[in-house]
Q: 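Dumping the structure here so I can ask a few things about it.
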Amino acid sequence: SKEGYAHYMLKEIHESPRAVDDTISGLISDIEDVKNAIKILEESKRIIVIAAGTSYHAGLYFSLLLQREGFNVIPVIASEYYNIKTNQEDSILAISQSGETYDVMIALKEFKANGSKIISLTNVIDSAIARQSDVKLYTRAGPEIGVAATKTFTSQIAALQFLYSLIKGDDYTYLNKAKDVIRRSLDFEGEAKLIGEELSAKSNAYYLGRGLSLPFAMEGALKIKEITYLHAEAYAAGESKHGPIALVEKDFPVVFINLGELVGELQNNVQEMKARKAKTYAISVNEKLNTDKEILLTVEDERLSPFAVTPIIQLIAYYSAVKRGNDPDKPRNLAKTVTVG
Ligand code: M6R
């Protein structure tokens, strides 16, 4: 049941604190599997991360974290798997909420046949993808009914950050605070609703981010496309001047995602957009970008920034869809699980 919420999507966004917490404690109880996964990742020459849609954005975030540590990580959109040839020295990390996505299955079969070691992260115990894997890891978000992935994405981020912290040899207990960070962001629901309702009246929008913010800009734009049917595109903020800015005119909405790193660079990008009279928005952590409208979130530990920003991008999409009269739980043309190629 929707437990008093207007839609499953809204209910599931509000379940994120619990989902993230259960995910971390689940991984701690499966710590032997986690250690096996880490051993495989550390011993392989290349790490190939495969996933689709929202799960791909979680994978991209993980890839950036590891690339910054000098790991050879290649994020691959599952349906584009033919562009890479793997071998026994590679490890594969397959990320899928449902654990059944056809594109991921096909890629996995090919990589497995090449002798690569497979690790999976799915939200369904013994899912088809988990059964194809050498090591099965799980998010524990619970069933997700809304077609738009929300609490499962936040849980994937938590699980991947847990893995990353262990790989780095860091203490992971800061992740226990993720649920409080999400809860504090959910207090900004009214502000997110206002932004969502403004976007619902537009026909285009850009979502811009730099560094670790980019996967969240991509996720924000995907959510808007998926349930609002508004044409939203994500770009690396620095790329926007290499073409996309040509579209920007008075009141064109540009949403900046700012996880609290590379802030000076992002502020320059805001100025470029303001110079074209764009309507600028920001979802910022700890430091402002000074956009026309800005939600400023604060975290003590910037490693928790993703948990501050994620509920806001989801709520913006939710309220923009509702304002347009769309059913966010059942967007047109989409199925919860894509089992065809
Ligand atoms: O079940 P999966 O995580 O493998 O699904 C992948 C995508 O189909 C999925 O994330 C899709 O992009 C979502 N509906 C986005 O909200």
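Every number for a ligand or one of its atoms is a count from 1 in the order of the listing. Sequence positions, counted from 1, serve as the residue numbers for this chain.
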Q: Are R140 and D30 ion-paired here, with the side-chain N under 4.0 Å from a carboxylate O?
A: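 Yes, charged N to carboxylate O under 4.0 Å.
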Q: Can you list every protein residue that has a heavy atom under 4.0 Å from any atom of ligand 1, sorted by chain and residue number?
A: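 Near ligand 1, by chain and number: A52, G53, T54, S55, S96, Q97, S98, T101, V147, A148, A149, L222, K223, E226.
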Q: I need the minimum non-hydrogen distance between Q161 and L175, along with the two atoms involved.
A: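 What the structure gives for the nearest pair is C-CD1, 4.1 Å.
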Q: What is the ring orientation for Y206 with F252, classed by angle as parallel under 30°, tilted 30 to 60°, or perpendicular over 60°?
A: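 Y206 and F252: tilted rings.
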Q: Enumerate, atom names and distances included, each donor-acceptor pair closer than 3.5 Å involving a side-chain atom of residues 176-188, sequence neighbours excluded.
A:
residue	atom	partner	partner atom	Å
N176	ND2	T173	O	3.3
K179	NZ	N176	O	3.0
S185	OG	A308	O	2.6

Q: Are H57 and F216, when compared by the centres of their aromatic rings, separated by less than 6.0 Å?
A: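 No.
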Q: Give me the atom names and distance for the closest heavy-atom approach of K225 to E233.
A: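 For K225 and E233, the tightest heavy-atom pair comes out as NZ-OE2, 3.6 Å.
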